[in-house]
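Data block below; observations after.
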Amino acid sequence: MGVQSIAMTATASSSPQAAPTRAQAVRTFGRYQLLSLLGKSERTMAWRVADPRSGQDLVLVLPRHQPQTTAALEVWISAVRRAGRLSHPSLAAVVDSGVVDHWPFVAYDPRDDVALSERISRKGEPAAEVASWAVNGLAGLAFAHDAGVAHGDLQPFLVLLSAQGQVRLMGAAVANSDATAAEAASLAAQRDAAQRDVLAFGLIVHHALAGAPALDQPDVGIALRELPPLGREIIRLPFTTGQPVPDALRAIVNRATDRQERQRYRNARTLLRALQGWLKTEADGGAGPLALLLDRLHTVGLLPASPGVAERAARLALMERERTIELAGIVLQDIALTFELLRAVNTAQVRGGQVAGTGPVLTMRRAIAMLGLDGVRRAALALRTWPGPLDEANATRLRQQFDQVMKAARVAQSLRPAGYDPEVVCMVTLLQSLGRLAVRYHFPDEAQQIHRLMQPAPNPKEGEPDEPGMSEEAAAWAVLGTGIDDLGVAIARHWGLDASVQHMVRRQPLASTVRQADGDDDLLRLTASCGIEAVDALAQPATQVQAALQRVLQRYARPLGLTFKDLQMALELLLPPGAEDAARRVA
């Protein structure tokens, strides 16, 4: 068959109207015998071919449009050769490349692998399997991007998948037949092309989970153009899929194709890390989120000691035993030391030997009495000094997070129902902030991503409301692959805290109605959540504080017996001089 009509062959071979005699005819491209069309898009096509020279079946990938000039062909050859020099397990190795009658091609050995387009069933693929091969493919894509090579036309038929789940990407740079030398060398063009690759990869993952291509458009490149800024379509995973898709994975995939450009993954590694985090959290059930932290807990501790506080506690622990109450007050000023004593006193060894059957320890007074002053001193001296491995900017952010947490604890103590120990309320509030603090310390860059995703964006249409940001939980899922509360609960479980405390560690979800408390533990949990939400409201832009505080009051008024005056008095303890009006306007 003539080389010049290969694009027509691709169309004919996939058409049901193709004559049987023509479909059975021997078709060739250079020395290769064309066996079947593996897939085609606007920009590329892939053929299974037989190579009579080696006796192997290969896959040929070609651009759908011939380079129109000699210069364009030279740019194509240079780009493909550069891509072909990359060596990575997730990038298919080029076994042949060349030009036949001015038509360029690249050949790959598929081995026994299948194309992803042949693997995806209509009911979709299991979530863990999809995430696993996606991580595999993204590792190769990130490697290529680091080398300045963009794929250009990621399609399911260009993704080879082995029986063991190993992914190899074919066709890197093949689609770039229309590139100019200046465009190929431009860093801005490389960055934009890499971001399009990540968006295209997100659409492929969407297809694999949903069992159908996004917008019912099998050509990823066309579907990609339907998204903003070029189009106006919204692409999100359907709520009902043939295979269950956990909420955290759903948030990751939906972020990958978000209609707001600013919310999408900016590079392959950020999407890769999110999927790796989700896989880790899924690997061990409820304890899974802890896998993200275990190595770091051993090297840099849970949190660094607040400057000066741990040293004061260590000195005071050398003094007379009658000062336990004063020591407890100093310990509570240092969140890291408070958590370390809480962990130590609730371990199975301590509880089994001294307080078996009496429930968890949730006050520093009792923890100090059980561990002894020597135990307090050892804990204080064992903490990592401030600010641990953080640079100055991230240390400042962690300090601000500490301040927010302590403010929330004070508000919750002020709002606690009569008869409840203020130190227990403080401790529950700190525990509800455990996940936030751990993320801020151990994953500072990811914490900034989460913060960015939560911010609203100005609406391009004048007079229209701002585009909303993500919720904190959805943003955490999209960045880390796990929820912030899930991380806090996993740490509490690791410390040996029982199911009742683990329940209290979870904040009241913002999207759910606050109902009457079901017992003391639930009342403590709601009180702590109210304190945290109130302080979060104060951190909103000035124009939004009043409405945010009003929502807090509406949510907790009945379950906590909360009045406007109660919330006003609690908040005025935190506001700087002259700022009392914000609290007074809650009603």
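With rounding to the nearest 0.5 angstrom, the CD atom of E392 is 14.5 Å from the CZ atom of R399. Taken to the nearest 0.5 Å, the CG atom of L431 stands 6.5 Å off from the CG atom of L497. A distance of 6.0 Å separates CG in L567 from CG in L553, rounded to the nearest 0.5 Å. From L302, atom CG reaches atom CG of L383 across 9.5 Å, with rounding to the nearest 0.5 Å. Between the CZ atom in F402 and the CG atom in L303 there is a gap of 4.5 Å [rounded to 0.5 Å]. For the atom pair CD1 (I235) and NE2 (H207), the distance works out to 12.5 Å, reported to the nearest 0.5 Å.
For D486 and R493, the salt-bridge test fails: no basic side-chain N is under 4.0 Å from an acidic carboxylate O. With salt bridges taken as basic N to acidic carboxylate O contacts below 4.0 Å, one links E467 and R259. A salt bridge does not link D258 to R255: none of the charged nitrogens lies less than 4.0 Å from a carboxylate oxygen. Under the 4.0 Å criterion applied to side-chain N and carboxylate O atoms, E423 and R366 are not assigned as salt-bridge partners. The pair D536-R436 meets the salt-bridge criterion, since a charged nitrogen lies less than 4.0 angstrom from a carboxylate oxygen.
No option in R515, R525, Q432, E533 other than R525 meets the side chain to side chain donor-acceptor pair (under 3.5 Å) test with Q508.
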Run L297 and L290 through side-chain contact (heavy atoms from CB on, under 4.5 Å) and show every step you take. CA-CA 10 Å; L297 288 177; L290 190 64; 4.1 Å; yes
Candidate pair L415 and L560, rule side-chain contact (heavy atoms from CB on, under 4.5 Å), full reasoning: CA-CA 8 Å; L415 298 176; L560 298 182; 5.5 Å; no
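Judged by the 6.0 Å distance and 45° axis criteria, R273 is not positioned over the aromatic ring of W278.
Under the 3.5 Å distance criterion, the side-chain polar atoms of D521 are left unmatched by any main-chain donor or acceptor of M504. Not a single donor-acceptor pair under 3.5 Å links the side chain of D334 to the backbone N or O of V331. Listed for the S433 side chain is a donor-acceptor partner under 3.5 Å among the backbone atoms of T429. A donor-acceptor contact shorter than 3.5 Å links the side chain of R416 to the backbone of Y420.
Atom CG of D518 is surrounded by 12 or fewer heavy atoms from other residues, nucleotides or ligands within 6.0 Å.
For D247, there are no salt bridge (charged side-chain N to carboxylate O under 4.0 Å, His left out) partners two or more places apart in sequence or in a different chain.
Considering only heavy atoms from C-beta on, N346 stays 4.5 Å or farther from L362 through its side chain.
Donor-acceptor pairing under 3.5 Å is lacking for the side chains of H206 and N254.
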